[in-house]
Q: 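Take this structure first; my questions come after.
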Amino acid sequence: MAKRTKIKELLINPKIGVETNVKGWVRTKRGNKNVAFIAINDGSTIHNLQAVADLSKVNEDILKLVTTGACISVTGQLVASQGSGQSVELLVSDLEVLGEANPEEYPLQPKKHSLEFLREIAHLRPRTNTFGAVLRVRHAMIFAVHKFFNDKGFFNLHTPIITGSDAEGAGEMFRVTTLDPVNPPKNQDGKADFSQDFFGHETNLTVSGQLEGELGAMALSDIYTFGPTFRAENSNTSRHLAEFWMIEPEMAFYDLDDNMDLAEEFLTYLAQYALDNCIEDLNFLNERALEEEKNMKQEERSELSLIERLKFIVDNDFQRVSYTEAIEILRNSNQNKKKKFKYIIESWGADLQSEHERFLVESHFKKPVILYNYPKNIKAFYMRQNEDGKTVRAMDILFPGIGEIIGGSQREERYDVLKARIHEMDIPEESMWWYLETRKFGTAPHSGFGLGFERLMIFVTGMKNIRDVIPFPRTPGNAEF
RNA sequence: UCCUCCAUAGCUCAGUUGGUUAGAGCGGCUGACUGUUAAUCAGUAGGUCCCUGGUUCGAGUCCAGGUGGGGGAGCCA
């Protein structure tokens, strides 16, 4: 019996006339009383393999079990296809059903399903063309992230998933505890006594690996983290998940400009990698998106297709604009003067709403925008203060249709300045002692940023909802599968 | 969490001013067809109209509350 060949390999290097075995899941079966055509997909590629069964040679009882969704093993001679639509096909000599799929119950049909419906059957949706393509691209992007940093001499650092510091200020956290939820030990105030908890104090799931990442950079020069991140925010949007993956490089001796250069090079590299390595899946996703937009009004359609957008990123520099310049552009915009904005920009210091970010990216510059040097009052405590006394060396990269894809900064490396800022913002200093010590012992200028991996995936796949670019999304009220 | 829209067959949806037995397309099943491409053609089965309560002679349709989902906002990556 021939050894199993993956469909991807078989299509790249077809061995015509050779007995071949293929295993996979049935997409459709068609035919008449003489011949049956079975489309098989094994997930190795977006393409199906057509198996051709001569009904006089194949057991009809077995063929009856070959229904959409069933898993089969097919052996036969690989031949050039008589039909159009595929170059090769498999003439079935041996057919085995590995796993039946009752057609009255199997929910996936050979037709287009809504993404909302597929989310409800997340255990089966990887078997669709769309999710197969998304998951293969996702893998390629994971691999490309590691390759990019490895090629640059960065070291991957595993920062903790369970953290004891509650001062990261990046949102609500999920508590980690082994205390009895019904009858926890109580302290004198009648509250749960976390000194008796597993770690001896309160612990949570991480909301960022940045602070620990900085510790790594202060020894290895250039590090990056790529791990799961958890936010217990009650966010119900197409851009937020409670559990997502984040990439956070941290570089010693980088100033804000170096940081922006790296971030732009990184995003450009990832777009190019997708074009170079995932073009078949991207072509499918491109067509899918075009098909979907056909039902939309002209003005709601994207100006560029998915593949054109990826090429655009590769070919064009990002627009770098200081916060102060951005405020001037917004204040002088017709949108602002005609009070089309819900939040009118009146003066320097205002926090930018997503309508403003969208205006800058989608209407004004029509390209990715890097905003930098924000007012210190709207940014985190660890960002490097500028000499003007009112701004910090922060930067956000804004993408069309996604908004903020990267947030980063040069870090405050001066011990006294950092300590003063911690006090100003009422952060408990004792919980930050180890972070402060990096500024006390051999401090160095350094910078870093955070890239939301699923937001990158939205950009690269053209999917609209972040729940459709991660295999098993976690959102408020949803942790099934 | 707020605003807004939605929930009818396995899926996508229609269902008139509240009126008798709730429909279509796709999918499933049965059959026809000598090579199909989401095959085609014919036939057929399939319903807790999201849940609870209310108004009414009568509710898929109206009202209240709840649950679930979409889109937008805030928070952010």
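Numbers restart at 1 for each chain; the letters A, B, ... are given by sequence-line order, proteins then strands. Predicted model only: the values in this text are computed from it and were never measured. What you see below is based on every heavy atom in this structure, not just the backbone, and it leaves out hydrogens, waters and symmetry mates.
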Q: Indicate whether OP1 or OP2 belonging to U37(B) is found under 4.0 Å from a side-chain N or O atom of Gln50(A).
A: no
Q: Could you state the atom-to-atom distance from CG of Asp468(A) to C1' of G69(B) in whole Å?
A: 13 Å
Q: Expressed as a whole number of angstroms, how long is the span from Asn236(A):CG to U67(B):P?
A: 13 Å
Q: Measure the acute angle between the ring planes of Phe148(A) and Phe266(A), then classify it against the limits of 30° and 60° as parallel, tilted or perpendicular.
A: tilted
Q: Are any protein N/O atoms closer than 3.5 Å to N/O atoms in nucleotides 7-12 of chain B? If there are, list each pair with its distance.
A:
{"residue": "G10(B)", "atom": "N2", "partner": "Gln109(A)", "partner atom": "OE1", "Å": "3.0"}
{"residue": "G10(B)", "atom": "N2", "partner": "Gln109(A)", "partner atom": "NE2", "Å": "3.2"}
{"residue": "G10(B)", "atom": "N3", "partner": "Gln109(A)", "partner atom": "NE2", "Å": "3.0"}
{"residue": "C11(B)", "atom": "O2", "partner": "Lys111(A)", "partner atom": "NZ", "Å": "2.7"}
{"residue": "U12(B)", "atom": "OP1", "partner": "Ser114(A)", "partner atom": "OG", "Å": "2.9"}

Q: Tell me: NZ of Lys29(A) to P of A38(B), nearest whole Å?
A: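 So the two atoms are 18 Å apart, to the nearest Å.
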Q: Think Ser354(A) has a side-chain N or O under 4.0 angstrom from the OP1 or OP2 of A73(B)?
A: yes
Q: Between His356(A) and Tyr343(A), is the ring pair (Phe, Tyr, Trp, His ring centres under 6.0 Å) condition met? List the steps.
A: CA-CA 9 Å; His356(A) 306 129; Tyr343(A) 297 90; 7.1 Å; no
Q: Is it true that the side chains of Gln210(A) and Tyr382(A) contain a donor and an acceptor less than 3.5 Å apart?
A: yes
Q: With Asp261(A), which residues qualify under side chain to side chain donor-acceptor pair (under 3.5 Å), at least two apart?
A: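 Asp261(A) satisfies side chain to side chain donor-acceptor pair (under 3.5 Å) with Arg320(A) only.
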Q: Under 4.0 Å: is that the gap between some side-chain N or O of Thr237(A) and OP1 or OP2 of G72(B)?
A: no
Q: Going by the salt bridge (Lys or Arg N to Asp or Glu O under 4.0 Å) test, which pairs reach into residues 366-379 of chain A, not counting sequence neighbours?
A: Glu303(A)-Lys366(A), Lys379(A)-Asp396(A)
Q: Please measure how far the P atom in G69(B) lies from the corresponding atom in U12(B), and state the result in whole Å.
A: 15 Å
Q: Looking at Asn465(A), does any N or O in its side chain come under 4.0 Å of the phosphate oxygens OP1/OP2 on G71(B)?
A: yes
Q: Roughly how many Å is it from CD in Glu404(A) to P in G74(B), rounded to a whole number?
A: 12 Å
Q: For RNA chain B, whose closest nucleotide is more 5', that of Ser238(A) or that of Asn478(A)?
A: Asn478(A)
Q: Look up atom SG in Cys278(A) and atom CZ in Arg138(A), then write down how far apart they are to the nearest 0.5 Å.
A: 13.5 Å
Q: Starting at NE2 of His240(A) and ending at P of A73(B), how long is that distance when rounded to a whole Å?
A: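 The answer, rounded to whole Å, is 10 Å.
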Q: Stems involving RNA chain B: give each as a range paired with a range, ordered by first number, where a stem means at least three consecutive Watson-Crick or G-U wobble pairs under 3.5 Å.
A: B:1-7 with B:67-73, B:10-13 with B:23-26, B:28-32 with B:40-44, B:50-54 with B:62-66
Q: Please work out which of the three classes, parallel, tilted or perpendicular, describes the rings of Phe149(A) and Phe154(A), given edges at 30° and 60°.
A: tilted
Q: So which of residues 448-461 of chain A are in contact with RNA chain B, with a heavy-atom cut-off of under 4.0 Å?
A: Gly450(A), Gly452(A), Arg455(A)
Q: Which value, in whole Å, describes the distance between the C1' atoms of nucleotides U55(B) and C62(B)?
A: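 The answer is 8 Å between these two C1' atoms.
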Q: Side chain of Leu91(A) only, please: which of G35(B), U34(B), A77(B) is the nearest?
A: G35(B)
Q: Give one of base, sugar-phosphate or nothing for Glu89(A), where a contact means two heavy atoms less than 4.0 Å apart.
A: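 Base, at least one base heavy atom under 4.0 Å.
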Q: Look at all strands and tell whether Ile247(A) reaches a base, only sugar-phosphate, or nothing, counting heavy atoms closer than 4.0 Å.
A: nothing
Q: State which residues pass side chain to side chain donor-acceptor pair (under 3.5 Å) with Asn129(A); sequence neighbours excluded, sorted by chain then number.
A: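 Listed in chain order: Arg27(A).
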Q: Is there, by distance only and without an angle test, a donor paired with an acceptor across the side chain of Ser235(A) and the base of C76(B) below 3.5 Å?
A: no
Q: List, one per line, each side-chain donor-acceptor pair under 3.5 Å for residues 80-87 of chain A, sequence neighbours excluded.
A:
{"residue": "Ser81(A)", "atom": "OG", "partner": "Gly83(A)", "partner atom": "N", "Å": "3.2"}
{"residue": "Ser81(A)", "atom": "OG", "partner": "Gly83(A)", "partner atom": "O", "Å": "3.2"}
{"residue": "Ser81(A)", "atom": "OG", "partner": "Gln86(A)", "partner atom": "NE2", "Å": "3.0"}
{"residue": "Ser81(A)", "atom": "OG", "partner": "Glu89(A)", "partner atom": "OE1", "Å": "2.8"}
{"residue": "Gln86(A)", "atom": "NE2", "partner": "Ser84(A)", "partner atom": "O", "Å": "3.4"}

Q: Tell me whether the rings of Tyr435(A) and Phe381(A) are parallel (<30°), tilted (30 to 60°) or perpendicular (>60°).
A: perpendicular
Q: Can you name the closest pair of heavy atoms from Ala53(A) and Val58(A) and give their distance?
A: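 Looks like CB-CG2, 4.0 Å.
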Q: Does anything in residues 55-78 of chain A come within less than 4.0 Å of RNA chain B? Heavy atoms only, and list the residues if so.
A: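 Nothing qualifies; none.
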Q: Go through the structure and list residues passing side chain to side chain donor-acceptor pair (under 3.5 Å) with Tyr269(A), not counting sequence neighbours.
A: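 Side chain to side chain donor-acceptor pair (under 3.5 Å) check on Tyr269(A) returns nothing, list empty.
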Q: Distance check: side-chain N/O of Asn32(A) vs OP1/OP2 of C33(B), anything under 4.0 Å?
A: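 False: Asn32(A) side-chain N/O out of range (4.0 Å or more) of C33(B) OP1/OP2.
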Q: Just N and O in the side chain of Thr28(A): are any of them under 4.0 Å from OP1 or OP2 of A39(B)?
A: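 Yes, such a contact exists.
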Q: Figure out the NZ/C1' separation between Lys464(A) and G71(B), and round it to whole Å.
A: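 Value for this atom pair: 12 Å.
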Q: My understanding is that only residues two or more places apart in sequence, or in another chain, count here; which of them pass side chain to side chain donor-acceptor pair (under 3.5 Å) with Gln319(A)?
A: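 For Gln319(A) there are no side chain to side chain donor-acceptor pair (under 3.5 Å) partners, ignoring immediate neighbours.
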Q: Is the shortest side-chain N/O distance from Arg119(A) to OP1 or OP2 of G70(B) below 4.0 Å?
A: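 Result: yes.
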Q: Grab the CZ-P distance between Phe37(A) and U36(B) for me, whole Å please.
A: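 That distance rounds to 7 Å.
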Q: Without swapping roles, check the side chain of Asp42(A) against the backbone of Ile7(A) for a donor-acceptor pair under 3.5 Å.
A: yes
Q: Nearest whole Å is fine: how far is G71(B) P from Ile466(A) CD1?
A: 12 Å
Q: I need a per-nucleotide contact map over nucleotides 40-45 of chain B, read 5' to 3'. Cutoff is protein heavy atoms under 4.0 Å; write B for the base, S for backbone only, - otherwise.
A: ------
Q: Would one find a side-chain N or O of Arg30(A) under 4.0 angstrom from OP1 or OP2 of U36(B)?
A: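 No, outside the criterion.
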Q: Run the ring-centre check on Phe341(A) versus Phe359(A) and record whether the distance is less than 6.0 Å.
A: yes
Q: Please check the phosphate of G72(B) (OP1 and OP2 only) for any side-chain N or O of Arg239(A) closer than 4.0 Å.
A: no
Q: Please confirm whether the backbone N or O of Gly43(A) pairs with a side-chain atom of Arg136(A), one donor and one acceptor, at under 3.5 Å?
A: yes
Q: Ignoring hydrogens and angles, are the base of U1(B) and the side chain of Glu233(A) linked by a donor-acceptor pair under 3.5 Å?
A: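 Looking at the base of U1(B), it does not pair with any donor or acceptor on the side chain of Glu233(A) (distance under 3.5 Å).
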Q: Can you run down the salt bridge (Lys or Arg N to Asp or Glu O under 4.0 Å) pairs that involve residues 469-481 of chain A, sequence neighbours left out, and say none if there aren't any?
A: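 Applying salt bridge (Lys or Arg N to Asp or Glu O under 4.0 Å) to every pair that reaches into residues 469-481 of chain A, excluding sequence neighbours, yields nothing.
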Q: Among the candidates A77(B), G72(B), C33(B), find the nucleotide nearest to the side-chain atoms of Lys33(A).
A: C33(B)
Q: Are any of the side-chain nitrogens in Arg358(A) or Glu355(A) under 4.0 Å away from the carboxylate oxygens of its partner?
A: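 No, Arg358(A) and Glu355(A) are not salt-bridged.
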Q: With P as the reference atom in both, quote the distance from A7(B) to U44(B) in angstrom, rounded to an integer.
A: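 These two P atoms come out 30 Å apart once rounded.
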Q: Arg358(A) side chain N/O closer than 4.0 Å to the phosphate oxygens (OP1, OP2) of A73(B)?
A: yes
Q: Scan Pro110(A) against the nucleic acid and name what it touches under 4.0 Å (heavy atoms): base, sugar-phosphate only, or nothing.
A: base
